[in-house]
> 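My questions all concern the structure below.
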Number of protein chains: 2
Amino acid sequence: MKRQILSFLKPEERLGTPSENTIKDVSVDCVMFGFHADELKVLLLKWNNIDWSLPRGRIYKEELIADAASRVLKETTGIHDVFLQQFHTFGAAQRHKNYTDDQAARLFDNKSKESREYELVHESIVSIGYYALVDFEKVVPNLAASYQWCEIPAIPDLLFDHNDMIELALVALRKDLRYLPIANLLPPKFTLREMQKLYETILNRTFDRRNFHKLLMSYDFLIKLPEKRVGTANKSPHLYQIDFEKYELALQDGISY
Amino acid sequence: MKRQILSFLKPEERLGTPSENTIKDVSVDCVMFGFHADELKVLLLKWNNIDWSLPRGRIYKEELIADAASRVLKETTGIHDVFLQQFHTFGAAQRHKNYTDDQAARLFDNKSKESREYELVHESIVSIGYYALVDFEKVVPNLAASYQWCEIPAIPDLLFDHNDMIELALVALRKDLRYLPIANLLPPKFTLREMQKLYETILNRTFDRRNFHKLLMSYDFLIKLPEKRVGTANKSPHLYQIDFEKYELALQDGISY
DNA sequence: AGGTCTTAGCGTAAATATTACGCACTAATG
DNA sequence: CATTAGTGCGTAATATTTACGCTAAGACCT
C-alpha cells in the first residue's frame, strides 16, 4: 500500500482522507516533548494558515496503534525512531471546545459552529493520545507546513482539545518518569547539569547538585567522556554518554529521584 | 434517546448494533475487579453459549467515553456507580488472536477464521480498556446471560484479546494503587485483616500485621466500629469503616505501602 | 596574575521512612 | 485452660532522603 507523505498535502488534509483503509472516527494525536535551553517544549504544527495543533493522523486498519503513532509523526514532521508512549484516549464530548468565531469560520469553512454534523466529519471522534520524547537537536522537522517548538507555559490556544492533551501528557510523563527512558530527551552527549535541569523541569522541583551527581553515579549507567563542552562560561563541564544496556536494567528496577 | 438494557438481547448482540448513533469501529471493554475470600477476581460474561469474554459495548456519539464505560457496565451486568479508570487503548492488530477452530466457528458463524472482513465487522477495531473496582458483595449482576467471578490465575482462554487486557489492567492497578480509592474493592464494613489481605493480593507481597495496623491508623481515615465480625474462629475482629472525606485527602498525598 | 564562578568529587550529619519484632492484653474456640 | 488471633503499644536496626561543608580544578574576565 502506497502511503503518501502527508506533509506535502494541504495541511487541512493532513488527517488523511477517511478511506476504506483507515479506521473511521479515530485519530492518533502526538504530544512531542523536546528539551532545549533548560525548557521543556512541545512541537506544534500549523493546521491552516493561522491555527496551531498537534501532529495527528489516522490509523490503517491492519496497523498496530503504536505503529500508526510513529508513522504519523514521521509523515507530519519527518522525525522517526522516537520513543512513544500511549497515555490516554479522548472522547468526542470532551471536544466541545469553545472556538473563537474566527477559528470556527476557518475550521468549518463558514458553516455555523453549531453544525455538529460538520464537526463530526472533520474531526475524529476518538483520539488516542501518545507522547514522544525526542532529542531536540536531532529533530529537524522537514515540513511543507510551518512548525514551532513552544515552551509549555507559552502554548497558544490550540485547535480541538489539544491544550488539554498536552496537560494530561505532562501529568503522565511525570508519573512515568521513574520507569521511562527519559534519556531520549537528551542528545547522545550531555553534561550532568543538563540532565539535572531536565529532571528539575519535568518534576518542577530542584535537586542538590551534589546529591544528584552522587545518585546518578550510583546507578552506574553513565560513561564519562574525555571531551568537554567548550565555549561555556567558567570551567568546561565533562560530557557524558549513556550505557544503554545498564540503563535498561536500572529502568526495570525503577529509578527514583 | 431510548437505550435498551442489552442484557435482554441475545449475548452475541450485546456489543450493540452498529448504528447511526454509535461510534463505528470503537468499543469500551471493562475489566471488573472484585475481592472475595482473599482472592482478586474478575467478572466474566458468556458471549455465546460457550465462550467467555469481558463486558463490552459501544459508545454513543454525544457520550463521554467514561460515561459509556459506566453505561456499558450497567447494561451488561446491572451494576452501577462503580469506580472506573481508563488504562489502555488496544488496536486491531493486537487482536489477531489464534482462536481454536471451535471458537472461530462460533464467532464467525462458520465463515473461515481467515475471513478478516468478517472479523472487522463483528469485532470493534479499537477497544478502550477500563478497569472497575467494585465491592464483591454489593455486586449482584442481574443478567439474562450467565456470568462468573473468576480468580485471576484460573481465567480461561477468553475471546478477543481479553486475556491480555486483564493482565495490563492488573499492571495499571498496581501502578495506580498509591493514588486510587482502593476502598471500592471492600464492603462498607470490613476488618483490618481483610484490608491487609487485599493489599497483599494486589501487590503480591506480605506485610507485617502490626506495621500495617500502625500505618493505616496513622492515615486517620478509618473509623473503628463497636461491632465485630461474628462467627470467625478465635477472637472476633472489629469492623472498620472509611471516613471518605479524610480518605480522599490521604489519596491526594498518595498512600504508600 | 588574581578574582570569580562553576564543575567534580568527597564526606558526613540530621531527618525520615521502612522493616522486624517483642510484649501485654483481650477475646473467642475447643 | 490452652490455643489462637486481634489490638495496640513500644523500640531497635536499617535504609533512604535531604542538607550542606570542604577541596581542587578549570575557564573566563579584568
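Lettering of chains follows the sequences in order, A, B, ..., and the numbering in each one begins at 1.
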> So, using ring pair (Phe, Tyr, Trp, His ring centres under 6.0 Å) as the criterion, who are the partners of B/Y179 when residues are at least two apart?
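Expected list: none.
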> Test of understanding: with ring pair (Phe, Tyr, Trp, His ring centres under 6.0 Å), list the residues that count as partners of A/H36, not counting sequence neighbours.
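A/F136.
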> List in chain and number order the residues that pass salt bridge (Lys or Arg N to Asp or Glu O under 4.0 Å) with A/K189, two or more places apart in sequence or in another chain; answer none if no residue qualifies.
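Counting only residues at least two positions away or on another chain, A/K189 forms a salt bridge (Lys or Arg N to Asp or Glu O under 4.0 Å) with A/E227.
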> Let me spell it out: for each of B/K214 and A/L239, pick the nucleotide of DNA chain C with the closest heavy atom. Which residue's pick is nearer the 5' end?
A/L239
> For residues 214-221 of chain A, which side-chain donor-acceptor pairs fall under 3.5 Å, sequence neighbours excluded?
residue: A/S218; atom: OG; partner: A/L215; partner atom: O; Å: 2.6
residue: A/Y219; atom: OH; partner: A/S256; partner atom: N; Å: 3.1
residue: A/Y219; atom: OH; partner: A/S256; partner atom: O; Å: 3.2

> Just to verify, what does A/R229 make a side-chain hydrogen bond (donor to acceptor under 3.5 Å, both in side chains) with, not counting sequence neighbours?
A/E194
> Apply side-chain contact (heavy atoms from CB on, under 4.5 Å) to A/N184 and list each qualifying residue two or more places apart in sequence or on a separate chain.
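Partners of A/N184 by the side-chain contact (heavy atoms from CB on, under 4.5 Å) criterion, ordered by chain and then number, come out as A/F83, A/L133, A/P181.
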> So which of residues 189-211 of chain A are in contact with DNA chain C, with a heavy-atom cut-off of under 4.0 Å?
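Listed by number, they are A/R193, A/R209, A/R210.
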> Could you pull out all residues at least two apart from A/P156 that satisfy side-chain contact (heavy atoms from CB on, under 4.5 Å)?
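If we apply the side-chain contact (heavy atoms from CB on, under 4.5 Å) test to A/P156, skipping adjacent residues, the hits are A/L44, A/W52, A/C150, A/L158.
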> Pick the nucleotide of DNA chain D nearest each of A/L215 and A/K235; which residue has the one closer to the 5' end?
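Nearest nucleotide further toward 5': that of A/L215.
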> Kindly indicate whether a cation-pi arrangement holds for A/R56 with A/F160, taking the cut-offs as under 6.0 Å to the six-membered ring centre and within 45° of the axis.
yes
> Nucleotide range of DNA chain D contacted by chain A, 5' to 3', under 4.0 Å to a heavy atom?
D/dT17 to D/dC28
> 5' to 3' on DNA chain C, which nucleotides open and close the contacts with chain B (atom under 4.0 Å from a heavy atom)?
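Span of nucleotides near chain B: C/dT18 to C/dT29.
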> With A/D208, which residues qualify under salt bridge (Lys or Arg N to Asp or Glu O under 4.0 Å), at least two apart?
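In terms of salt bridge (Lys or Arg N to Asp or Glu O under 4.0 Å), with neighbours along the sequence ignored, A/D208 is linked to A/R210.
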> Under the ring pair (Phe, Tyr, Trp, His ring centres under 6.0 Å) test, which residues partner B/F244, sequence neighbours left out?
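Once residues adjacent in sequence are excluded, B/F244 has no partner under the ring pair (Phe, Tyr, Trp, His ring centres under 6.0 Å) criterion.
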